[in-house]
S.K.: 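Below are the structure tokens for one structure; questions will follow.
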Amino acid sequence: MGDMVGRLALVGLIAACSIATAAPTAGAEQRAAEATTGPPQSTFGAALAYSLAHPGVVPAGTNDVDCVPTPAHPEPVVLVHGFLENSYANWAGLAPALKAEGYCVFALDYGAPPGEPFKARGPIPDAAGELAAFVDTVLAETGAERVSIVGHSKGGAVPRWYVRFLGGADKTSRIVGLAPANYPSLGPPSVAQDAVLAELNAGSDTVEGVSYTVVATRYDQMIIPYTASFLTGPGAQNILLQDVCPANTADHVSIPYDPVAEQLVLAALDPAGARPVVC
């Protein structure tokens with residue numbers, strides 16, 4: 001029921017909002033949100049509802065400026081939420097799970113003024129600029145040389161722009177996309193975004209030196225067809241949830257909270273330590 005509430009809210013807002021709304025800088029918003037940490041959640045709907053009642057909340061386990069990366073996990077993980085989402089609604093399940101695995105975890109809020117819950121409304125290049133500033137802050141605070149980035153939906157395309165056009169390839173080792181918006185999709189279409197994706201994918205949709213993992217679902221109601229999430233360039237691995245666990249029913253908004261997707265994210269972040277997936 002919780003995910004159904006979240007799904008209906010997201011679909012309605014996509015119909016009502018413009019993707020070209022101007023975005024503020026990430027740093028000021030993130031600093032304003034640091035003081036409020038919410039509890040872990042198990043569904044997108046519950047997390048979205050909590051974020052509406054608690055503007056500025058961030059996921060448990062994130063944005064600890066005193067976190068020191070360990071030899072086992074030397075790269076901080078930066079989480080990038082999707083269109084009309086926010087860091088808490090998107091990552092209130094995965095963020096604390098990553099923290100429990102020993103990662104330094106940082107969650108970015110971008111693409112809307114502080115206090116507004118429905119974010120990521122600006123163009124992908126603008127969002128990538130905010131991500132670039134955020135990553136620089138994370139590297140400065142942790143002393144790490146590179147980060148790993150996990151993004152959902154539009155948040156899967158934003159880091160790809162960052163590594164291709166904004167110097168992020170030297171600061172990013174891997175990008176993990178959950179139902180990422182990597183190619184034009186029928187739901188929802190956007191002429192402006194399609195043009196950006198065409199530029200992003202021209203020549204090759206990957207950048208040398210960065211590894212890419214895509215986790216998609218057959219039941220995606222936003223990325224249509226779901227294969228629009230897949231990448232074709234060198235260094236890309238495409239995984240369909242239903243190829244791993246045929247009975248899996250995760251959709252576009254629930255995939256960040258799906259236990260199988262979580263296991264696949266952990267495996268992508270640490271291939272050497274990957275454990276067998278439990279359906």
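Residue indices begin at 1 and follow the sequence shown. What you see is a predicted model; the values in this text were computed from it and never measured.
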S.K.: Does the Asn63 side chain pair with the main chain of Ala107, one donor and one acceptor, at a distance under 3.5 Å?
M.R.: yes
S.K.: Tell me the closest heavy-atom pair linking Ser254 and Ala250, and the distance in Å.
M.R.: OG-CA, 3.5 Å
S.K.: When rounded to the nearest 0.5 angstrom, what distance separates CZ in Arg160 from CG in Leu200?
M.R.: 4.0 Å
S.K.: Would Leu241 and Arg218 count as a side-chain contact (heavy atoms from CB on, under 4.5 Å) if you check the C-alpha gap in whole Å, the side-chain angles of each, and the deciding distance to 0.1 Å?
M.R.: CA-CA 7 Å; Leu241 276 176; Arg218 190 182 304 278; over 6 Å; no
S.K.: Does some side-chain heavy atom of Val58 sit less than 4.5 Å from a side-chain heavy atom of Tyr88?
M.R.: no
S.K.: How far apart are the closest heavy atoms of Ala144 and Pro69, and which atoms are they?
M.R.: CB-CG, 4.4 Å
S.K.: So, using side chain to side chain contact (heavy atoms under 4.5 Å, CB included) as the criterion, who are the partners of Asp136 when residues are at least two apart?
M.R.: Lys171
S.K.: Indicate, with yes or no, if the rings of Tyr110 and His81 have centres closer together than 6.0 Å.
M.R.: yes
S.K.: Are side-chain heavy atoms of Val135 and Tyr162 found at a separation under 4.5 Å?
M.R.: yes
S.K.: For the backbone of Pro117 and the side chain of Asn86, can you confirm whether one donor and one acceptor N or O come within less than 3.5 Å of each other?
M.R.: yes
S.K.: Between His54 and Thr36, is there a side-chain donor-acceptor contact under 3.5 Å, judged purely by atom types and distance?
M.R.: no
S.K.: Answer yes if the side chains of Thr217 and Gln242 hold a donor-acceptor pair under 3.5 Å, and no otherwise.
M.R.: yes
S.K.: Which pairs, with at least one residue in residues 198-222 and sequence neighbours excluded, count as a ring-ring contact (aromatic ring centres under 6.0 Å, His included)?
M.R.: none
S.K.: Would you be so kind as to tabulate the donor-acceptor pairs closer than 3.5 Å made by side chains of residues 91-103, with sequence neighbours excluded?
M.R.:
{"from": "Glu101", "atom 1": "OE2", "to": "Arg275", "atom 2": "NH2", "distance (Å)": "3.1"}
{"from": "Tyr103", "atom 1": "OH", "to": "His73", "atom 2": "ND1", "distance (Å)": "3.2"}

S.K.: Under the side chain to side chain contact (heavy atoms under 4.5 Å, CB included) test, which residues partner Asn238, sequence neighbours left out?
M.R.: Val214, Phe230, Leu231
S.K.: Look up atom OG in Ser229 and atom CG in Asn182, then write down how far apart they are to the nearest 0.5 Å.
M.R.: 6.0 Å
S.K.: Who passes side chain to side chain contact (heavy atoms under 4.5 Å, CB included) against Pro125, sequence neighbours left out?
M.R.: Pro123, Trp161, Val196
S.K.: If you round to the nearest 0.5 Å, how far is CG of Asn90 from CD of Glu85?
M.R.: 4.0 Å
S.K.: The test is side-chain contact (heavy atoms from CB on, under 4.5 Å); show your working for Val176 and Ile149 and say whether it passes.
M.R.: CA-CA 6 Å; Val176 183; Ile149 301 177; over 6 Å; no
S.K.: Show me the pairs that pass salt bridge (Lys or Arg N to Asp or Glu O under 4.0 Å) and involve residues 42-62, at least two apart or across chains.
M.R.: none
S.K.: Can you check whether Val77 reaches Cys104 side chain to side chain, under 4.5 Å on heavy atoms?
M.R.: no
S.K.: Restricting to non-hydrogen atoms, name the atom on Ser87 and the atom on Val57 that form the minimum distance, rounded to 0.1 Å.
M.R.: OG-O, 4.2 Å
